[in-house]
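Contents: one structure, followed by commentary.
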Amino acid sequence: MTRFRLADVEYEVDRLLGRGGMAEVFLAHRIEPGALQELVVIKRLLPILARNREFVRRFLREANIGGKLAHRNIVRLIDVGRDGESYCLVMEYVEGCNLQTMRRRLAAAGHLFPPWLAARIVADVAGALHYAHGHRDAGGRPRPIIHRDVSPDNIMLAAGGVVKLLDFGVAKDTQGVQLTQVGQIVGKPIYFCPEAVRGEEPTPQWDIYSLGAVLYELLAGRPPFVQEGNDQKALLRLFRRLLDEEPPPPRTVNAATPTALEAIVRRALAKRPEFRYATAADLQEELENCVAAEAGEISEALLAEFLRDPVTVLTSTPVLLLPEATVPDR
């Protein structure tokens, strides 16, 4: 078994969870005699990149940003350090599944995501984003942290019913050093806002747009715009649509979409940032008001039950029942 020692704490790896272009992620547990073995997630910079000073700076920058954030709807950073040539971040382990996995699980069973539950989840993410956007430095000066990669893959549904936003790996500290190379794409293009396509400076409006795209996908069963192909031409076609076209209203894809939620989505996806919600807190408040007015309370207990058996909960809980539309092809 692989072990990592960061300062005076030792972690033992249980299994590899995944590998990306910059890092690999492990499930591990903290080795502490006489105590419960806490499960954690360890993100290690790929060994081949650990000798590159620029990649090390980017990796440690994630730790610097993550260490500033303490919110119940954001995955917690526990530790950061170096074991020999291995640079590691240690994060809380969230048992559950991400939002994209759950959406696809429902689609495979012929269901769209229940709209009021979608609104409840997105409201929690909006609260987490507002917290990050409101970050201040040690002197009390505003220093917003922009996520820049809000997507269903980065929203976790924890087993206890808590929603968790993760992966601030491409986040931008608006007063920090810019470590992204000019022309480099960060995040997932189908959730980009028009300003990101134009290469403008990140603002909280980026995240509000992307979260609106997430809500659109949950309601309609597909994102506002789809990239058709994996080559450069397909990416450019997607960018042109993001700049110039309006997505089909969710109700034209899923007639069961509540009109109030469609209005929220359309405002969040406004091409011009000044026409979107002024803050993520404004988006959160409107979503929560809609849910309260139309569905009442959707508790963490209900979300936890939904996570365990989504189809049964969807078909047996009156507050979630709406006429089903055909699940669209992706």
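- Checking each of Glu305, His111, Arg103, Met102 against Pro310 for a side chain to side chain contact (heavy atoms under 4.5 Å, CB included) leaves exactly one that passes, namely Met102.
- Val150 and Leu238 fall within the same hydrophobic cluster, where Ile, Leu, Val, Met, Phe, Trp and Tyr residues are linked whenever their side-chain heavy atoms come under 4.5 Å apart, directly or through other members.
- Atom CZ of Arg240 is surrounded by 12 or fewer heavy atoms from other residues, nucleotides or ligands within 6.0 Å.
- Side-chain contact between Pro273 and Glu195 is present, with heavy atoms from C-beta onward closer than 4.5 Å.
- When the shell of 6.0 Å around CD of Glu228 is examined, it contains 12 or fewer heavy atoms from other residues, nucleotides or ligands.
- Between Phe192 and Phe239, the two ring planes are parallel [angle under 30°; tilted spans 30° to 60°].
- Residues Arg82 and Leu60 have side chains not in contact (no heavy-atom distance under 4.5 Å, counting atoms from C-beta outward).
- Lys164 is not listed as a side-chain neighbour of Arg76, based on a closest heavy-atom distance of 4.5 Å or more.
- At least one side-chain heavy atom of Arg3 sits less than 4.5 Å from a side-chain heavy atom of Ile31.
- In summary, the side chains of Asp83 and Ser86 do not present any donor paired with an acceptor at a separation below 3.5 Å, with no hydrogens or angles considered.
- For the residue pair Leu49 and Phe55, the shortest heavy atom distance occurs at O-CB, 3.8 Å.
- Gln284 and Tyr277 are not linked by any side-chain donor-acceptor pair at a separation below 3.5 angstrom, with hydrogens and angles left out of the test.
- Atom CG of Asp244 has more than 12 neighbouring heavy atoms from other residues, nucleotides or ligands inside a 6.0 Å radius.
- Put simply, the side chain of Glu285 never gets that close to the backbone of Ala123: no donor and acceptor are under 3.5 Å apart.
- With rounding to the nearest 0.5 angstrom, the CG atom of Leu211 is 9.0 Å from the CG atom of Leu165.
- Side-chain rings of Phe113 and Phe306 approach one another, their centers coming within less than 6.0 Å.
- At most 12 non-hydrogen atoms from other residues, nucleotides or ligands lie less than 6.0 angstrom from CZ of Arg266.
- With respect to the salt-bridge test (charged N to carboxylate O, under 4.0 angstrom), the residues Lys188 and Glu217 do not qualify.
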